[in-house]
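So the structure is just underneath, and the comments pick up after that.
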Amino acid sequence: MKKCVFVFIIFLLVGTVITSKPKVYADSQKVTVNANILNIRSGPGLSYPIIQKGKAGDRFTLLQTKDDWYEVQLSNEKKGWVASWLVTVNSQSKATSGIVTVNDLNLRTSPELSSSIIQKLQTGQRVQILETNNEWFKITVEGSTGWVSSNYIRLTSKSSVTSNGDGEMVTILNNGTNLRSEPSIQSSIVEIGNSGETFSVIEKDNDWYKIKLNGGKTAYVASWVVSSTVKMNRTKSNKVNTKGLKGKTIVIDPGHGGRDSGTIGITNTLEKNVTLKTAELLANKLRNAGANVFLTREDDRYVSLPSRVSVSKINHADAFISLHYDSINDQSITGHTSYYYHSMQKILAQNINRGISNETVLKDRGVKFGNFHVIRENTQPAVLLELGYLSNPLQEIAINSQDYQESITKGIYNGLVDYFK
């Protein structure tokens, strides 16, 4: 049965039915307002009266959630409800330390690009993380305290050396990466690695991977300059060839991440956030059906395009699904599009596109050729999906809803079922 997105939008405009169990948060959880003006309401829905207004940058303590609404603590000791798609959740960081991943990283007086620069940090410097605010970390380093972009800090844990027994692989993110003799940026360089090269991990030593080079030699590479994945312990001889999803290997690629936000909606929805939400829902559906599922990223981090493709190649993916949301200057445009590059990918794109159209009332913009890296350089069946337009105000609201996400992921799921028949 089709889920009607536009009916859902009407529900948003006239009132919200609350059926889910509230989720309660700890006092450390905060929300930061993204919209220029935020209506704070007496209950979790657009039909409730406005009791207060907030502005961009305001922060409130998060108390609980119901459906797509957050209950927050107001400064006047009252409580109110805000729409989840107009705020960002952040909290005191549980991580105690991190490491700088770029040279000349600005340490600033406050979490905004217009604030004064205290000093510049260099690759490899260790920092203590005090708190988070959207995509900023408040840190202390060598006696100074300030704010840095969280995109350039790699979180670390206590020092430990762990052996690798699960087939972990690392992929180099950038050309000219130093592979060293010891787990330190002061140690000698054994070899130079380039973007897309993949190595087996022998062990992990704190923030470094000990890797196996060609010819049997070993070297160390910093964890903040690679992406890692676990290779499945299977070969072509035991590859599952039966019909259905059970045993199939599906790689889901949530577009963008970290410093790459993707497109930004009318009310500041970040594409990188909704692609991850879609990926998690789709992964759960596929795993419940017995598929082996890998995500190119499982949190808000930057992953290079070659690294995303490497996950597909390493695991001999039966299908690679790259998830995106679109944007265009014309705010009236809506719909979904499925892209392929190689001819052998077209049938996968057709099945998934049909699955989405059958499950939603979105305008079908068709199956098209697309010159995108993650499908062009992919040797496995691969598609890139544009699942709606964040540039359309009503569609942006719908995209952030649970109903929309359920319908979209069910459509992709059904398309994969048909493809593997």
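Using a 4.5 Å heavy-atom cutoff, the side chains of L323 and E386 are not in contact. Contact check for D253 versus I321: no side-chain heavy atoms found under the 4.5 Å cut-off. The closest side-chain heavy-atom distance from T109 to W147 is not below 4.5 Å.
In this pair, F372 and Y339 present their aromatic rings perpendicular. The plane angle is above 60°, beyond the 30 to 60° band. Aromatic ring orientation, Y404 versus Y325: tilted (interplanar angle from 30° to 60°).
Between L394 atom CG and Q331 atom CD the span is 10.5 Å, to the nearest 0.5 Å. Between the CD atom in Q73 and the CG atom in L62 there is a gap of 11.0 Å [rounded to 0.5 Å]. With rounding to the nearest 0.5 Å, the separation of CD1 in I172 from CD1 in I192 is 10.0 Å. Within the model, atoms CD1 of I117 and CG of L113 stand 9.5 Å from one another, a figure rounded to the nearest 0.5 Å. For the atom pair NE2 of H256 and CG of L270, the computed distance is 11.0 Å after rounding to the nearest 0.5 Å. To the nearest 0.5 Å, atoms CD1 (I412) and CG (N351) are separated by 13.0 Å.
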_Set out, in order, the CA-CA distance, both residues' side-chain angles and the distance that settles side chain to side chain donor-acceptor pair (under 3.5 Å) for S310 and S307, then state yes or no._
CA-CA 5 Å; S310 293; S307 296; 5.6 Å; no

*Before giving the answer on side chain to side chain donor-acceptor pair (under 3.5 Å), spell out for T267 and E396 the whole-Å C-alpha distance, their side-chain angles and the decisive distance to 0.1 Å.*
CA-CA 8 Å; T267 59; E396 180 188 10; 2.8 Å; yes

*Run the numbers on Y70 and W81 for side chain to side chain contact (heavy atoms under 4.5 Å, CB included), then give the verdict.*
CA-CA 5 Å; Y70 293 150; W81 291 85; 5.7 Å; no

*Show your reasoning for whether side chain to side chain donor-acceptor pair (under 3.5 Å) applies to S338 and Q350.*
CA-CA 8 Å; S338 300; Q350 289 172 331; over 6 Å; no

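For D104 and K120, the salt-bridge test fails: no basic side-chain N is under 4.0 Å from an acidic carboxylate O. We find that R308 and E377 are not joined by a salt bridge, their nearest charged nitrogen and carboxylate oxygen being 4.0 Å or further apart.
For N329, there are no side chain to side chain contact (heavy atoms under 4.5 Å, CB included) partners at least two apart in sequence or on another chain. Partners of D260 according to the salt bridge (Lys or Arg N to Asp or Glu O under 4.0 Å) rule, which considers only residues two or more places apart in sequence or in another chain, do not exist here.
Nearest heavy-atom pair across Q119 and S144 is OE1-OG, 3.0 Å.
Side chain of N292 to main chain of G247: a donor-acceptor pair is present (N/O by atom type, distance under 3.5 Å, no hydrogens or angles). Remark: side-chain polar atoms of R126 are not paired, donor with acceptor, to backbone N or O of V141 under 3.5 angstrom. Panel note: side chain N194, backbone G176; a donor-acceptor pair is recorded below 3.5 Å. Judged purely by atom type and a 3.5 angstrom limit, K78 has no side-chain atom pairing as donor or acceptor with the backbone of Q52.
Under the 6.0 Å distance and 45° angle rule, K248 counts as a cation-pi partner of F420.
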